[in-house]
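Numbers restart at 1 for each chain; the letters A, B, ... are given by sequence-line order, proteins then strands.
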Protein chains: 2
Amino acid sequence: MEDGTSKSLGYCPDTDADYDVLQWDTREDCEVRQILDRVADKWSLLVIALLDRRSLRFTELRRKVDGISQRMLTRTLRHLERDGLVRRTVHPTVPPRVDYELTPLGATLHDTIRALVTWTETHQNEIAAARAAYDVRTADEQRQAEQETERREQIARSVSAGRP
Amino acid sequence: MEDGTSKSLGYCPDTDADYDVLQWDTREDCEVRQILDRVADKWSLLVIALLDRRSLRFTELRRKVDGISQRMLTRTLRHLERDGLVRRTVHPTVPPRVDYELTPLGATLHDTIRALVTWTETHQNEIAAARAAYDVRTADEQRQAEQETERREQIARSVSAGRP
DNA sequence: CGGAATCCTGCCTGATACTG
DNA sequence: CAGTATCAGGCAGGATTCCG
């Protein structure tokens with residue numbers, strides 16, 4: 001209800017004849033895209049990665065996922081619950097206590113997501129190096145571009161000075 | 001330069017005494033989080049998933065990634081290039097031609113992301129079922145809540161009518 | 001404690017126009 | 001073709017408040 005199910009039937013002119021490479025339905029209204037957009041959400045990813053077998057309470061999650069607002073945590077958890085990835089258990093105590101844990105389905109996704117986290121941990125140095133290199137390159141190009149612009153402006157000035 | 005490069009080296013003051021479960025640095029300024037936030041972006045994910053060995057031109061990508069604005073495609077590609085995941089090749093022809101392809105590093109990430117896409121394809125039926133079930137449940141609860149509210153309002157009305 | 005409701009800001013997006 | 005630039009608008013997301 002409310003969100004990602006039926007949408008603008010975004011018809012997709014899509015591909016024509018390049019089936020040489022594996023492809024999948026990339027249309028926006030495609031089921032896989034819908035799910036992927038949810039799963040590829042940074043908060044969802046973190047929550048699932050943190051729910052490693054052990055169930056966590058709302059506030060525990062809030063503390064562990066640094067930077068998340070309670071609004072987004074609530075939304076994220078509702079989405080994950082709706083998708084059958086997380087089970088929400090309310091204990092009718094006072095003060096209230098709500099536990100979140102992965103469902104079996106969520107656990108299978110957890111494995112995949114852990115792989116992503118592991119990849120990140122493994123390659124973070126390479127990425128940092130790539131970023132540094134890129135930034136240097138870009139800074140150089142910008143300096144050159146500025147010089148180029150200045151040169152042209154000088155030409156333009158001398159021209160307009162020639163015939164006022 | 002500017003964003004997430006050299007920072008808090010992975011040690012995590014974080015938790016106090018719950019090391020029972022595997023944990024990693026979840027702080028917002030953590031290197032891994034920075035990368036993860038980028039990788040977990042829906043557009044990045046799609047682009048990497050589509051760049052399967054074969055290089056693609058800008059417009060090819062634009063057509064394949066249904067729903068992306070050219071602004072976001074440009075941004076996404078720049079980010080991926082900066083992170084060393086995608087190589088951008090400009091052919092000085094006319095009209096211009098720019099090819100994008102995965103770097104070796106990007107290819108390793110591609111494997112992980114394909115796993116995510118495959119997971120989605122495999123479990124989309126289960127998720128659809130979970131969503132349907134959830135929506136039914138929620139609709140029921142809402143109907144009950146509305147009835148409850150109405151009942152209380154009636155009581156309130158009869159009370160205020162009793163002593164005006 | 002675990003939310004729901006409200007307000008408000010900022011970014012994404014879409015459209016358009018202009019370069020090279 | 002492959003962008004960059006700019007502007008309007010809409011909605012995601014943060015901060016705050018209040019309730020069971």
*Any link between Ile48(B) and Val98(B) through a network of hydrophobic side chains (Ile, Leu, Val, Met, Phe, Trp, Tyr) touching at under 4.5 Å?*
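Result: yes, single cluster for both.
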*Indicate, with yes or no, if Ile35(A) and Tyr134(B) share a hydrophobic cluster defined by side-chain heavy-atom contacts under 4.5 Å among Ile, Leu, Val, Met, Phe, Trp and Tyr.*
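Result: no, two separate clusters.
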Nearest whole Å is fine: how far is [N] [atom2] from [X] [atom1]?
{"X": "Arg38(A)", "N": "dA12(D)", "atom1": "CZ", "atom2": "C1'", "value": "13 Å"}
{"X": "Leu77(B)", "N": "dC1(D)", "atom1": "CG", "atom2": "P", "value": "17 Å"}
{"X": "Leu73(B)", "N": "dA15(C)", "atom1": "CG", "atom2": "P", "value": "16 Å"}
{"X": "Leu61(A)", "N": "dG3(C)", "atom1": "CG", "atom2": "P", "value": "10 Å"}
{"X": "Met72(B)", "N": "dG3(D)", "atom1": "CE", "atom2": "C1'", "value": "15 Å"}
{"X": "Asp37(A)", "N": "dA12(D)", "atom1": "CG", "atom2": "C1'", "value": "14 Å"}
{"X": "Arg71(B)", "N": "dA17(C)", "atom1": "CZ", "atom2": "C1'", "value": "15 Å"}
{"X": "His91(B)", "N": "dG3(D)", "atom1": "NE2", "atom2": "P", "value": "12 Å"}

_Reading DNA chain C from 5' onward, which residue's closest nucleotide shows up sooner: Arg75(B) or Pro95(A)?_
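The 5'-side residue here is Pro95(A).
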Taking the side chain of [X] as its heavy atoms from C-beta onward, which of [options] lies nearest to it?
{"X": "Thr59(B)", "options": "dC1(D), dT6(D), dG3(D)", "result": "dC1(D)"}
{"X": "Ser69(B)", "options": "dC12(C), dA2(D), dG14(C)", "result": "dG14(C)"}
{"X": "Arg78(A)", "options": "dT6(D), dA4(C), dT6(C)", "result": "dA4(C)"}
{"X": "Trp43(A)", "options": "dG14(D), dA2(D), dT13(C)", "result": "dG14(D)"}

Is any side-chain N or O of [X] closer than 4.0 Å to OP1 or OP2 of [N]?
{"X": "Arg63(B)", "N": "dA2(D)", "result": "no"}
{"X": "Tyr100(A)", "N": "dC1(C)", "result": "no"}
{"X": "Arg57(B)", "N": "dA2(D)", "result": "yes"}

_Once hydrogens and angles are ignored, does a donor-acceptor distance under 3.5 Å link the base of dT13(C) to the side chain of Gln70(B)?_
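Counting by modelled atom types and ignoring angles, no donor-acceptor contact under 3.5 Å is found here.
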_Both Pro96(A) and Ile68(A) contact DNA chain D. Taking the nearest nucleotide for each, which residue is further toward the 5' end?_
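Whichever sits nearer the 5' end wins; that is Ile68(A).
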*Checking Thr120(A) side chain against Leu36(B) main chain: does a donor-acceptor pair fall under 3.5 Å?*
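No; judged by distance alone, with no hydrogens or angles, the pair does not exist.
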*asked:* Heavy atoms only, 4.0 Å cut-off, all strands: where does Arg62(A) land among base, sugar-phosphate and nothing?
replied: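 No contact.
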*What's the spacing between Thr112(B) OG1 and His123(A) NE2 if we round to 0.5 Å?*
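Answer rounded to 0.5 Å: 7.5 Å.
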*Going by an N to O cut-off under 4.0 Å, is there a salt bridge joining Arg97(A) and Asp99(A)?*
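A salt bridge links Arg97(A) with Asp99(A).
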